[in-house]
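Here the structure comes first, spelled out in structure tokens, and everything after it is commentary.
Computed from heavy atoms alone, side chains included, the values below leave out hydrogens, waters and symmetry copies.
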Amino acid sequence: MKRSLPDRYLTPVDLADLLGIPVETVYQWRRKQTGPRGFRVGRHLRFDPEDVRVWVESQMERAA
């Protein structure tokens with residue numbers, strides 16, 4: 001990824017902003033199990049920046 005990832009876990013809004021997509025798309029990926037791996041902290045959804053990086057790279061490889 002060209003943009004550096006933060007050192008903290010990402011919220012769905014952070015992920016959407018990072019990728020330039022609507023937040024609802026993040027939730028749709030979650031429901032369809034097609035997006036980056038996320039996890040719950042209580043009732044809050046979070047994404048590990050390293051998991052996001054690996055997922056984006058896999059998407060780029062599939063597109064090539």
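- Here the CZ-CG distance, from Arg53 to Leu18, works out to 13.0 Å after rounding to the nearest 0.5 Å.
- Under the ring-ring contact (aromatic ring centres under 6.0 Å, His included) criterion, Phe39 pairs with Tyr9, sequence neighbours left out.
- Taking the side chain to side chain contact (heavy atoms under 4.5 Å, CB included) definition, one finds that Arg31 meets it with Glu24, Tyr27, Gln28, sequence neighbours left out.
- Checking side-chain atoms of Arg30 against main-chain N and O of Gly38 turns up a donor-acceptor pair under 3.5 Å.
- Both Val23 and Val56 belong to a common hydrophobic cluster when Ile, Leu, Val, Met, Phe, Trp and Tyr are linked at side-chain heavy-atom distances under 4.5 angstrom.
- Considering all non-hydrogen atoms of both residues, Arg43 and Arg40 come closest at O-NH1, 2.9 Å.
- With rounding to the nearest 0.5 Å, the separation of CZ in Phe47 from CH2 in Trp29 is 9.0 Å.
- Shown are Leu10, Leu19, Leu15; of these, the side-chain contact (heavy atoms from CB on, under 4.5 Å) with Val26 is made only by Leu15.
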